[in-house]
Protein chains: 2
Amino acid sequence: MRKLRKPNAKERILETAGELFFQRGYSGVGINEIIEKAGTAKASFYQHYPSKESLCEAWLRAIHERSEEERSLLLAASEAPAAKLAAWFDRLEEFLVSSGFRGCPYSNTGAVSDESCPGIVAEIRRHKESTRVFLRRLAAQAIPDSQRADEIGDRLFVLYSGATSEAQNLKEIWPVQVARAAAAEWLEP
Amino acid sequence: MRKLRKPNAKERILETAGELFFQRGYSGVGINEIIEKAGTAKASFYQHYPSKESLCEAWLRAIHERSEEERSLLLAASEAPAAKLAAWFDRLEEFLVSSGFRGCPYSNTGAVSDESCPGIVAEIRRHKESTRVFLRRLAAQAIPDSQRADEIGDRLFVLYSGATSEAQNLKEIWPVQVARAAAAEWLEP
DNA sequence: CCATAAACAGACAGACCTGTCTGTAAAGTG
DNA sequence: CACTTTACAGACAGGTCTGTCTGTTTATGG
């Protein structure tokens, strides 16, 4: 029986864990399943990640960085701010539909994490605050009054979160469409 | 050693489980802890509830009925619709603060429940749809055009959900205040 | 007073969990 | 070829989980 050694166990683990955490939740997936699906040994896992919690942090950090890139591109684009916002909601809609309405990875993870996982909680806060900043900047591109722009940005943040959450709970897309319509009204006064 | 028999084991279990499920999440609490804190025997538990899942359903049903009562009272009150809505957000704010920003029990439970728990998922949908209807009715009291009232009711629903969710994630109250301000604007055009 | 229902106590099975450990095999590097 | 790094294989400990089972005790209604 030949034993082939595949490189990049760390990345394979992160990739696999990401899919599983997203689909079934952090608490619903075990290390054993992750390493089995990733095709690695348990010893390899603990060589790269000191614990399951640290793997979760790495996952959240990874998807945070990907979304940060997208947002930078969108902010710098030459479209009208309202069009950018609409495109952003379009992306959310496509994401939710194609992933089976699994909702926001951060909120889902936060629902099962308390003060006993400070690293995870910190990643969630970091991402959420960053989302808030992004939406404030986007609002600022459409609204001259900076105080009003911050207020609208915060509203967009809350609305976006609710759309994601309720699309997940109801397995329906209308919350996103309702949110997009409301957001559009805020950006063209 | 005297063995005292306490009546109403079923209710004590439901009460205790409700607190624990709410504080630490459905998946974070085990039967053993519930019966220990409730002061009952395991056999007593399984005499009343066939499974942990059925206990969770009973819990969600119980808090759903309590909130339905509150909503009926609020809808029937003689205040102005905008005042009712403000009062509703006030209640949400107080609830979140006093409970340590634990968020929405339904959304939290939904984050760790998939198609393997159909009863739980059904309870969540039922409550969320009922919340949507409540807010549509409240909107209808302020907005004559029934189509517009439904649209605003749906927006209120999404906004309310986002406020609850992000207050939980950030452990801050401003999402609720932002949502209340936005909601107020919708109700006085 | 006796029969029955409801609650108690707690052991047990069987599965799963995280994390540790020992040892081996393959690849890269000098 | 020797040496080091990386990955594989899998047993193991120690714990938790749900759910079942046996048997005992208390209260209540007829």
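Lettering follows sequence order; numbering is per chain, from 1.
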Practice task
Using whole Å, report how far CG of A:Asn8 lies from P of D:dT6.
Solution key: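 Checked: the CG to P distance equals 12 Å.
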How would you list, by chain and number, every residue that makes a side chain to side chain donor-acceptor pair (under 3.5 Å) with [X], sequence neighbours excluded?
{"X": "A:Lys37", "value": "A:Glu33"}
{"X": "B:Arg12", "value": "none"}
{"X": "A:Glu93", "value": "A:Arg180"}
{"X": "A:Glu57", "value": "none"}

Problem - Residue pairs involving residues 65-84 of chain B (criterion ring-ring contact (aromatic ring centres under 6.0 Å, His included); sequence neighbours excluded) - result: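 Passing the test, one end in residues 65-84 of chain B: no pairs.
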Using only atom types and a distance under 3.5 Å, with no angle test, would you say the side chain of [X] pairs donor to acceptor with the backbone of [Y]?
{"X": "A:Lys52", "Y": "A:Tyr26", "result": "yes"}
{"X": "A:Thr131", "Y": "A:His127", "result": "yes"}
{"X": "B:Ser130", "Y": "B:Arg126", "result": "no"}

Problem - Residue list, ring pair (Phe, Tyr, Trp, His ring centres under 6.0 Å) with B:Phe95, at least two apart or on another chain - result: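 For B:Phe95 the ring pair (Phe, Tyr, Trp, His ring centres under 6.0 Å) partners, ignoring immediate neighbours, are B:Phe22.
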Handout entry: Strand-adjacent residues in residues 32-40 of chain A, judged by heavy atoms under 4.0 Å from DNA chain D
Key =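 Correct list: A:Gly39, A:Thr40.
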Exercise for the section: Could you identify which residues of residues 44-53 of chain B place a heavy atom less than 4.0 Å from some atom of DNA chain D, listed by residue number, or say none? Expected result: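 Heavy-atom cutoff 4.0 Å gives B:Tyr46, B:Ser51, B:Lys52.
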Exercise for the section: Using a cut-off of strictly less than 4.0 Å, decide whether A:Arg12 has a side-chain nitrogen or oxygen near OP1 or OP2 of D:dT6. Expected result: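 No.
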Problem - DNA chain C-proximal residues of residues 14-28 of chain A, any heavy atom under 4.0 Å - result: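 DNA chain C contact set from residues 14-28 of chain A: none.
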Problem - Pairs flagged by salt bridge (Lys or Arg N to Asp or Glu O under 4.0 Å) wherever residues 156-166 of chain A is involved - sequence neighbours left out - result: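 Those involving residues 156-166 of chain A are A:Glu166-B:Lys128.
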Practice task
Name all pairs fulfilling the salt bridge (Lys or Arg N to Asp or Glu O under 4.0 Å) condition that reach into residues 94-117 of chain A, sequence neighbours left out, sorted by first residue then second.
Solution key: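 Sorted pair list comes back empty.
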Pairs: protein N or O with nucleotides 11-13 of chain C N or O, under 3.5 Å:
none

Exercise for the section: Using a 4.5 Å cut-off on heavy atoms from C-beta on, say whether the side chain of A:Ser107 contacts that of A:Thr164. Expected result: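 In short, these two side chains do not touch, never coming nearer than 4.5 Å.
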Exercise for the section: Using a strict cut-off of less than 4.0 Å between a Lys/Arg side-chain nitrogen and an Asp/Glu carboxylate oxygen, indicate whether B:Glu185 and A:Arg155 qualify as a salt bridge. Expected result: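 Yes, this pair counts.
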Exercise for the section: Consider the side chain of A:Ala43, meaning its heavy atoms from C-beta on, and name the nucleotide among C:dA7, D:dT22, C:dC21 that approaches it most closely. Expected result: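 Nearest to the side chain of A:Ala43 among the choices is C:dC21.
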